[in-house]
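Okay, structure first, notes after.
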Amino acid sequence: MKRLDTTLLMTDLDGTLLPSTKEILPEELEAIRQFRQQTGRTLQAAQRYLDRVQADVPVILFNGAGIYDPLSGTMLDTESLPAEAAFQMTRQVLEAFPEVSAEILRADGTYVPRMTEYEREHLEICRVEPVLLPLEEIPRGEWLKVLFAIAPERMSELTAFIQGQGWQEQADFMQSEARFYEMLPKGVTKGSALRKYRRLCHMEEFRIVAAGDFDNDLEMLCAADIGACPSNAQPCVKEVANIQLTQSCETHAIAELIAHIMTDL
């Protein structure tokens, strides 16, 4: 076992650590426990997983817009969307697509102005209790991201609409799952958050191993010292990963990665 006292494993949740049931597999928990012994999603959605794995170092949330310290229960850093622009862009999307839902994520909760089948399913799976309010009544400012949900077969229509509005100077947009399209603060990614994380947490000398499966994980894998992906990862993610795991998120990919770290890296 090499350099484990200065090795940090950072993993995406959905599609990497979490299978379709959204419950961490026992084998993954045991591997994490062994790794912790050797080394010494939104906040609301991620909290139960932080409790399960007993996270004792800061974590990146909101697709890179927040860095949260689970020990002190405080946000160490946040990046917000421009208040009025974010409100107007969200309003226009909801008006153009009556079947689209939006999750507006702030550090103090998840706000939902329109409930749909996809939105209800997502909230139930993540066990998040949303704040249901008309868009005009949701507090302006400190929006860390907005997640739009739409049927996969209509995703291309949504992305084409947003890309045609000329909003690229005010925010970044990224697909994070077949049903989800996200609006993020300009220049904010998991990769930019990881670079900031190194400085904030004084981990410049640490070896960071990152794992992810989807487009929104690409920059994080590139910013890490070693990037890994499960077998179910998107082709573009496999292209940049240093390690392509043989297991998927359904069959202990993170346990495989931990074993690899502890024996080969």
Side-chain angles (χ1 to χ4, degrees), residues 8-39 41-64 66-71 73 101 103 105 109-110 112 115-131 145 147 149 151-152 175-180 182 190 209-217 220-221 227-234 237 241 243-262:
L8 177 70
L9 172 59
M10 186 169 291
T11 177
D12 170 53
L13 288 178
D14 295 334
T16 306
L17 175 62
L18 299 181
S20 56
T21 61
K22 306 302 182 190
E23 296 292 343
I24 304 176
L25 299 172
E27 294 84 354
E28 305 282 58
L29 284 173
E30 176 59 20
I32 292 169
R33 184 190 66 80
Q34 292 181 16
F35 183 64
R36 283 168 49 84
Q37 286 182 344
Q38 297 295 337
T39 63
R41 205 175 215 197
T42 67
L43 175 55
Q44 292 76 23
Q47 188 63 61
R48 65 186 176 115
Y49 303 119
L50 300 181
D51 295 339
R52 292 293 305 279
V53 302
Q54 299 179 347
D56 54 6
V57 294
V59 295
I60 294 172
L61 300 174
F62 304 106
N63 220 352
I67 299 176
Y68 173 73
D69 181 4
L71 296 182
S101 63
E103 286 182 21
L105 295 114
T110 299
V112 175
M115 185 64 71
T116 66
E117 174 187 350
Y118 287 111
E119 182 61 33
R120 184 175 293 105
E121 178 185 2
H122 184 233
L123 293 169
E124 288 177 353
I125 290 174
C126 295
R127 299 185 187 177
V128 170
E129 188 65 37
V131 180
K145 77 171 183 177
L147 182 148
Q175 186 173 355
S176 57
E177 204 254 37
R179 300 164 296 172
F180 301 137
E182 302 189 5
K190 293 180 183 180
V209 181
D213 72 300
F214 213 81
D215 300 34
N216 61 327
D217 298 315
M220 177 178 70
L221 268 60
C229 68
S231 63
N232 57 280
Q234 296 291 305
V237 178
I243 300 171
Q244 293 187 28
L245 300 166
T246 62
Q247 301 297 314
S248 75
C249 63
E250 305 289 341
T251 58
H252 322 130
I254 294 302
E256 179 188 353
L257 176 58
I258 289 174
H260 192 49
I261 293 171
M262 294 176 67

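All of these numbers come straight from a predicted model, not from anything done at the bench. Only this structure's heavy atoms are used, side chains among them; waters, hydrogens and symmetry mates stay out.
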Test side chain to side chain contact (heavy atoms under 4.5 Å, CB included) on Ile254 and Glu28 and set out the steps. CA-CA 6 Å; Ile254 294 302; Glu28 305 282 58; 3.5 Å; yes

Chi angles and distances behind the side chain to side chain contact (heavy atoms under 4.5 Å, CB included) call for Glu23, Leu18: CA-CA 6 Å; Glu23 296 292 343; Leu18 299 181; over 6 Å; no

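Of the possible polar contacts, none joining the Glu103 side chain to the Val112 backbone as a donor-acceptor pair under 3.5 Å is found. A donor-acceptor contact shorter than 3.5 Å links the side chain of Asn232 to the backbone of Cys249.
Scanning for ring-ring contact (aromatic ring centres under 6.0 Å, His included) contacts around Phe180 gives His122, with sequence neighbours left out. Every residue was checked against the side-chain contact (heavy atoms from CB on, under 4.5 Å) condition with Ala259, not counting sequence neighbours, and none meets it. Residues passing the side-chain contact (heavy atoms from CB on, under 4.5 Å) test with Ala253 are Pro230, Leu245, Gln247, sequence neighbours excluded. By the side-chain hydrogen bond (donor to acceptor under 3.5 Å, both in side chains) test, Glu256 pairs with Thr246, sequence neighbours left out. Partners of Glu27 according to the salt bridge (Lys or Arg N to Asp or Glu O under 4.0 Å) rule, which considers only residues two or more places apart in sequence or in another chain, do not exist here. Under the side-chain hydrogen bond (donor to acceptor under 3.5 Å, both in side chains) criterion, Asp69 pairs with Ser72, sequence neighbours left out. With sequence neighbours excluded, no residue satisfies salt bridge (Lys or Arg N to Asp or Glu O under 4.0 Å) with Glu119. In this structure Asp213 satisfies the salt bridge (Lys or Arg N to Asp or Glu O under 4.0 Å) test with no other residue, sequence neighbours excluded. Applying the side-chain contact (heavy atoms from CB on, under 4.5 Å) criterion to Pro19, with sequence neighbours excluded, gives Thr21, Leu25, Glu250. Among residues two or more places apart in sequence or in another chain, the salt bridge (Lys or Arg N to Asp or Glu O under 4.0 Å) test is passed with Glu117 by none.
Closest non-hydrogen pair, Val237 versus Phe214, comes out as CG2-O, 3.4 Å. Among all heavy-atom pairs drawn from Gly212 and Cys229, the shortest one is O-CB, 3.2 Å. Summarising the geometry of Pro70 relative to Pro58, their closest heavy-atom pair is CD-CA, 3.9 Å, with the distance given to 0.1 Å. In this structure, Met220 and Asp12 approach most closely via the heavy-atom pair CE-N, 4.4 Å. Between Ala211 and Leu221, the closest heavy-atom pair is C-CD1, 4.0 Å. Nearest heavy atom pair, residue Pro152 against residue Tyr118, reads CD-OH, 3.6 Å.
Atom CG of Asp14 is separated from atom OG of Ser176 by 8.5 Å, given to the nearest 0.5 angstrom. Between atom CG of residue Leu105 and atom CG of residue Leu61 there is a gap of 10.5 Å, rounded to the nearest 0.5 Å. One distance of note links CD1 of Ile261 with CG of Leu9; it measures 4.5 Å at 0.5 Å rounding. Summarising the geometry, atom CD1 belonging to Ile125 is positioned 10.5 Å from atom CZ belonging to Arg127; distances are rounded to the nearest 0.5 Å. Note that CD1 of Ile24 is 4.5 Å distant from CG of Leu17, once rounded to the nearest 0.5 Å.
Using a 3.5 Å distance cut-off with no hydrogens or angles, the side chains of Glu182 and Asn216 do not pair a donor with an acceptor.
Under the 4.5 Å side-chain criterion, counting only non-hydrogen atoms from C-beta, Leu8 is not in contact with Val209.
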